[in-house]
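Below: one structure, written as structure tokens.
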Amino acid sequence: MSVQNPVNLRLPDGSVRTFDGPVTGTTLAADIGPGLLKAALAIKVNGEMWDLTREIEEDADVSIVTKRDTEDALDLLRHDCAHVMAEAVQELFPGTQVTIGPNIQDGFFYDFARDKPFTEDDLAVIEKRMHEIVARNEDITREVWDRDDAIAYFKKIGEHYKAEIISDLPEGEPITVYRQGEWLDLCRGPHLPSTGKLGDAFKLMKVAGAYWRGDSKNAMLTRIYGTCWTDKKELKAYLHRLEEAEKRDHRKLGREMDLFHLQEEAQGSVFWHPQGYTIWLQMEKYIRSRLQGAGYQEIKTPQLLDSKFWEQSGHWSKFRENMFVVPDEIPSTEEDAPIVSSDAKLMALKPMNCPAHVQVFKQGIKSYRDLPVRFAEFGCCHRNEAHGALHGLMRVRQMTQDDAHIFCREDQITSESVAFCDLLASVYRDLGFPEFKVLLATRPETRAGEDETWDKAEAALENALKETGLEYDFAPGEGAFYGPKLEFHLSDAIGRTWQCGTLQLDFVLPERLDASFVGEDGNKHRPVMLHRAILGTLERFIGIMIEHYAGRMPLWLAPTQAVVTPITSDADDYAKEVFASLEAAGLRAKLDLRNEKINYKVREHSHAKVPAILVVGGREAEQKTVSVRRLGSNDQTVSPLVDVVAALKAEAEMPSGKA
RNA sequence: GCUGCUGUAGCUCAGGGGUAGAGCACUCCCUUGGUAAGGGAGAGGUCGGAAGUUCAAAUCUUCUCAGCAGCACCA
């Protein structure tokens with residue numbers, strides 16, 4: 001044993017405590033005070049989280065982590081919770097192997113390998129045992145093991161996944177094992193000093209299958225999701241947030257508001273009802289007007305194209321498993337005969353619009369003076385998505401993209417990209433999504449084109465981003481095979497993010513499909529192609545809007561903008577007059593003359609999320625006024641009819657990017 | 001596509017080996033009521049589909065389809 005050197009620990013307030021030799025966080029906390037000792041969860045040593053029981057051997061800046069350090073505390077608690085769950089599972093279900101159990105947003109999961117997957121019923125049993133383990137207050141201790149010993153040990157006890165994880169750890173990485181009562185697990189740590197510190201603010205949420213290492217070729221494991229918070233109140237608040245999010249579910253609101261439906265004979269394709277299609281048409285109209293203002297020309301291209309066409313574009317080899325293939329043959333009507341012959345010529349429903357847009361570009365000779373050419377299409381595309389991927393409006397098989405392709409010269413890439421980013425930001429602002437993030441997705445491992453081209457393309461996109469002043473992050477290796485792209489992720493009202501917009505730089509397709517223009521020098525040149533979308537698809541974007549606004553669409557988008565209803569039938573004639581004024585002003589109004597009490601009608605139209613309910617009775621009829629009740633308000637204002645109509649009309653104006 | 005769960009009236013849901021129930025919605029009648037459900041009457045389903053077990057199945061078994069959650073994939 002060498003002579004011990006004193007250890008100086010500096011606390012956040014700047015004060016320094018000196019110890020004779022190596023000291024643990026627990027000792028330090030106790031030294032400061034019993035209250036802190038009790039509250040201590042871990043210690044930060046030079047900014048790194050350590051176990052309280054780990055000895056600090058050198059001078060350091062330290063701070064004791066307690067539940068007041070919410071972020072750090074939650075990291076610890078959630079990870080410990082995963083361990084306590086794993087201990088409970090292995091106690092209750094011997095023979096179950098543990099694999100990995102990381103923290104995720106709002107909680108954690110742990111993947112187990114077991115012949116029989118867990119069921120929802122098992123969760124209650126496991127949760128009960130977890131509370132028992134917390135009550136046992138088992139000490140949690142950290143041990144550093146030799147790599148080979150660790151592999152041998154985990155193999156011996158039948159934990160083959162753990163053994164595999166250790167084998168894959170880089171050489172030199174210390175192998176740490178945490179012992180928790182009788183149980184132990186390989187883990188990087190850090191952990192709480194004992195299971196008792198976990199408390200009781202946790203809940204197991206659901207079970208699901210998950211592939212080992214996220215690869216669908218590997219074994220399916222059984223995953224248990226849980227959530228964990230610093231106290232019961234936080235847990236309750238979280239569960240409440242989940243309930244609120246459920247209320248916004250566009251599938252539920254879509255039914256309640258009579259916007260659309262889906263049925264099994266047309267999986268993944270939407271039946272839009274009059275109310276829902278009104279939103280669609282408004283969105284289309286809006287985007288169309290913004291595109292016109294930005295120099296785009298709208299086109300329309302075919303749905304069904306010969307397989308040869310897709311072979312040429314490269315989709316046949318790269319994308320065919322997502323395409324709907326259709327035989328180009330008159331189906332047989334003979335009984336018992338096959339409907340189509342096996343050697344029928346094949347066509348396919350388009351999954352993307354880009355190759356068709358190139359065909360339009362290729363008609364006639366293009367001069368450099370013509371560029372940039374910007375072709376837009378509300379392109380209806382079909383993609384044969386996996387059944388398990390389908391989800392309401394968010395993931396469909398028939399989708400309509402607000403697609404456009406810009407054909408330009410290389411020297412125009414930056415200005416076109418900047419213009420697009422500006423347009424996109426302005427559209428998102430108009431639609432109520434001022435917040436969005438940008439990712440620059442760079443070259444993937446398998447890619448087409450020369451590295452020089454990629455250098456140029458990535459630099460061009462990055463320059464454009466710098467010019468817009470937008471903040472951005474990189475998504476290394478996430479680019480398309482033909483070029484880098486920008487991904488635009490917007491944030492909705494409850495903090496979720498959605499990737500909608502995209503801007504992709506493509507040097508490959510113009511080459512493959514032989515698009516060219518005549519340059520200043522009189523020679524043929526390849527145009528660069530920018531694939532871009534702002535909404536992504538109308539289906540999904542409308543789904544996002546429904547959830548973002550919880551069904552309470554802004555007036556210009558609301559399917560029904562106002563309902564006129566009389567107190568009693570005595571006011572029917574005046575109600576009709578009010579209704580006529582609204583219609584004359586171009587507003588989408590409904591007239592409700594039903595023989596129901598006003599309470600009933602107000603309730604019903606409020607549930608239907610009609611933005612304005614116009615109630616009229618004898619008083620209003622006499623004074624030519626209306627009583628307006630706005631959605632979300634519990635009272636109403638009486639104003640002259642002409643004023644109300646004018647105000648609603650102004651508010652219902654479609655945004656134009658100027659706001 | 002994979003794992004698990006679910007599938008009863010338009011919606012939400014109860015029931016459960018002997019031939020199906022509630023609330024809301026719907027239809028009709030009464031009520032003319034000042035801002036989130038006035039009262040009464042009535043009509044509506046063979047229990048996702050197929051096969052099997054049984055004297056008898058919506059209820060049990062198997063298969064299948066779809067929905068939901070997660071995974072994988074992805075706009």
Side-chain angles (χ1 to χ4, degrees), chain A residues 104 109 111 114 116-123 205-225 246 249 251-252 255-256 258 261-265 267-268 319 321-322 351-352 379 381 383-397 399-403 478 487-489 498-502 504 531 533-541 543-544 563 565-572 594-608 613-620 627-638:
Chain A
I104 49 173
F109 67 76
D111 286 347
R114 185 176 181 238
K116 190 173 167 294
F118 293 109
T119 66
E120 301 281 337
D121 293 338
D122 294 329
L123 294 189
M205 303 299 286
K206 55 197 169 198
V207 290
Y211 298 110
W212 167 237
R213 303 210 146 155
D215 187 334
S216 58
K217 289 190 206 70
N218 289 340
M220 175 70 71
L221 306 171
T222 172
R223 173 176 296 180
I224 302 181
Y225 284 92
E246 224 169 278
D249 191 312
R251 293 166 299 183
K252 182 176 146 74
R255 191 168 47 238
E256 287 172 4
D258 195 17
H261 85 270
L262 295 153
Q263 66 186 51
E264 61 180 87
E265 291 85 352
Q267 279 179 61
F319 208 75
E321 59 180 21
N322 286 303
M352 297 178 188
C381 296
R383 293 187 191 170
N384 200 341
E385 300 286 348
H387 288 77
L390 301 177
H391 179 93
L393 296 178
M394 304 304 196
R395 195 72 184 275
V396 293
R397 298 171 111 183
M399 69 208 78
T400 304
Q401 301 176 316
D402 66 321
D403 203 7
E478 297 285 310
E487 295 176 4
F488 300 87
H489 298 252
W498 302 91
Q499 208 243 105
C500 294
T502 182
Q504 309 180 2
H531 306 242
I534 298 175
L535 307 181
T537 75
L538 276 146
E539 286 82 358
R540 192 158 88 116
F541 205 90
I544 294 167
V563 166
T565 192
I567 301 277
T568 73
S569 52
D570 289 345
D572 279 7
R594 289 176 306 166
N595 175 17
E596 295 290 351
K597 283 189 140 187
I598 196 63
N599 283 326
Y600 181 90
K601 292 189 281 193
V602 164
R603 178 184 149 87
E604 195 179 87
H605 295 124
S606 298
H607 276 162
I613 302 175
L614 275 48
V615 175
V616 293
R619 293 202 294 269
E620 288 80 5
S627 161
V628 180
R629 182 188 170 112
R630 294 302 299 257
L631 185 60
S633 163
N634 284 321
D635 47 35
Q636 53 278 335
T637 54
V638 178

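Any value given below was found using the heavy atoms of this structure, including those in side chains, with hydrogens, waters and symmetry copies removed. We name chains A, B, ... by the order of the sequence lines, and we start the count at 1 in each one. Remember, predicted model here, so these are calculated numbers, not experimental data.
- Checking side-chain atoms of Asp122(A) against main-chain N and O of Thr119(A) turns up a donor-acceptor pair under 3.5 Å.
- Residues forming a side chain to side chain contact (heavy atoms under 4.5 Å, CB included) with Glu487(A) (at least two apart in sequence, or on another chain): Leu439(A), Ala441(A), Lys485(A), His489(A), Gln499(A).
- Sequence order on RNA chain B of the closest nucleotides to Leu390(A) and Arg397(A) puts Leu390(A) first from the 5' end.
- Between the Lys601(A) side chain and the Ile567(A) main chain, no donor and acceptor come within less than 3.5 Å of each other.
- Within 4.0 Å of Gly536(A), counting heavy atoms only, lies no atom of the nucleic acid at all.
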* **Nucleotide-level pairing of RNA chain B, given in dot-bracket where Watson-Crick and G-U pairs need both distances under 3.5 Å and | marks other strands** => ((((((((.[[[[.).....]]]].(((((.......))))).....(((((.......))))))))))))....

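- Looking at heavy-atom distances under 4.0 Å, Tyr225(A) makes contact with sugar-phosphate atoms alone, never a base.
- Between Ile598(A) atom CD1 and Ile613(A) atom CD1 the span is 8.0 Å, to the nearest 0.5 Å.
- Mapping Arg619(A) and Gln267(A) onto RNA chain B by nearest heavy atom places Arg619(A) at the nucleotide closer to the 5' end.
- Residue Pro566(A) comes nearest to Asp572(A) through the heavy atom pair CG-OD1, 3.2 Å, listed as atom of the first residue, atom of the second, then distance.
- Checking the phosphate oxygens (OP1, OP2) of G70(B), no side-chain nitrogen or oxygen of His391(A) falls inside 4.0 Å.
- Between the CG atom in Leu538(A) and the CD atom in Gln401(A) there is a gap of 10.0 Å [rounded to 0.5 Å].
- In terms of the side chain to side chain contact (heavy atoms under 4.5 Å, CB included) criterion, residue partners of Arg630(A) (sequence neighbours excluded) are, by chain and number, Leu555(A), Pro611(A), Ala612(A), Val628(A), Leu648(A), Glu651(A).
- Residue contacts for Arg213(A): at a heavy-atom cut-off of 4.0 Å it reaches no nucleic acid atom on any strand shown.
- OP1 or OP2 of A36(B) sits under 4.0 Å from a side-chain N or O of Asn599(A).
- Taking the side chain to side chain contact (heavy atoms under 4.5 Å, CB included) definition, one finds that Ala533(A) meets it with Asp402(A), Thr502(A), sequence neighbours left out.
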Pairwise N/O distances under 3.5 Å, protein to nucleotides 24-30 of chain B:
residue: A25(B); atom: OP1; partner: Tyr600(A); partner atom: OH; Å: 3.0

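- When rounded to the nearest whole Å, the span between CG of Leu221(A) and C1' of U3(B) equals 10 Å.
- Across all strands, Gly618(A) comes closer than 4.0 Å to base atoms (heavy-atom distances).
- Using a 4.0 Å heavy-atom criterion, one finds that Ile598(A) contacts the sugar-phosphate atoms exclusively.
- Rounded to whole Å, atom P of U3(B) lies 16 Å from atom CG of Asp215(A).
- Nearest to the side-chain atoms of Val207(A) among the listed nucleotides G33(B), U32(B), G4(B) stands G4(B).
- Across all their heavy atoms, Ser627(A) and Gln636(A) have their closest contact at OG-CG, 3.4 Å.
- Between Tyr211(A) and G1(B) there is no side-chain polar atom (N or O) within less than 4.0 angstrom of OP1 or OP2.
- A search for ring pair (Phe, Tyr, Trp, His ring centres under 6.0 Å) contacts involving His261(A) returns Phe271(A), His273(A), not counting sequence neighbours.
- Residue-level contact check: Thr568(A) touches the bases, meaning some heavy atom is under 4.0 Å from a base atom.
- Among the protein residues, Lys206(A) comes within range of the sugar-phosphate backbone only, with heavy atoms under 4.0 Å from sugar or phosphate atoms but none that close to a base.
- Side-chain nitrogen and oxygen atoms of Gln636(A) include none within less than 4.0 Å of the OP1 or OP2 phosphate oxygen of G34(B).
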* **nucleotides 43-50 of chain B: protein proximity per nucleotide (B base, S sugar-phosphate only, - neither; heavy atom, under 4.0 Å)** => --------

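- Note on Glu385(A): a base of the nucleic acid sits closer than 4.0 angstrom, heavy atoms only.
- In this structure, Arg251(A) reaches the C68(B) phosphate: one of its side-chain N or O atoms is under 4.0 Å from OP1 or OP2.
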Donor-acceptor list for residues 387-397 of chain A side chains, cut-off 3.5 Å, not counting sequence neighbours:
residue: Arg395(A); atom: NH2; partner: Glu385(A); partner atom: OE1; Å: 2.9
residue: Arg397(A); atom: NH2; partner: Asn384(A); partner atom: OD1; Å: 2.5

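- Scored by the side chain to side chain donor-acceptor pair (under 3.5 Å) test, Arg213(A) finds Glu164(A), Asp168(A) as partners (sequence neighbours excluded).
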* side chain to side chain contact (heavy atoms under 4.5 Å, CB included) between Phe541(A) and Ile534(A), worked out -> CA-CA 10 Å; Phe541(A) 205 90; Ile534(A) 298 175; over 6 Å; no

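- The ring pair (Phe, Tyr, Trp, His ring centres under 6.0 Å) search around Phe118(A) returns Phe93(A), Phe112(A), not counting sequence neighbours.
- The side chain to side chain contact (heavy atoms under 4.5 Å, CB included) search around Phe319(A) returns His315(A), Asn322(A), Met323(A), Pro351(A), Met352(A), Arg383(A), not counting sequence neighbours.
- The CD1-P distance, from Ile104(A) to C71(B), rounds to 8 Å in whole Å.
- Taking only side-chain atoms of His607(A), from C-beta outward, the nucleotide of U32(B), A72(B), A36(B) with the closest atom is A36(B).
- In this entry the distance linking CZ of Arg395(A) with P of G67(B) reads 14 Å, nearest Å.
- Among the protein residues, Glu620(A) comes within range of the nucleic acid bases, having at least one heavy atom under 4.0 Å from a base atom.
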Review item, nucleotides 9-15 of chain B N/O atoms under 3.5 Å of protein N/O:
residue: U12(B); atom: OP1; partner: Arg255(A); partner atom: NH2; Å: 3.0

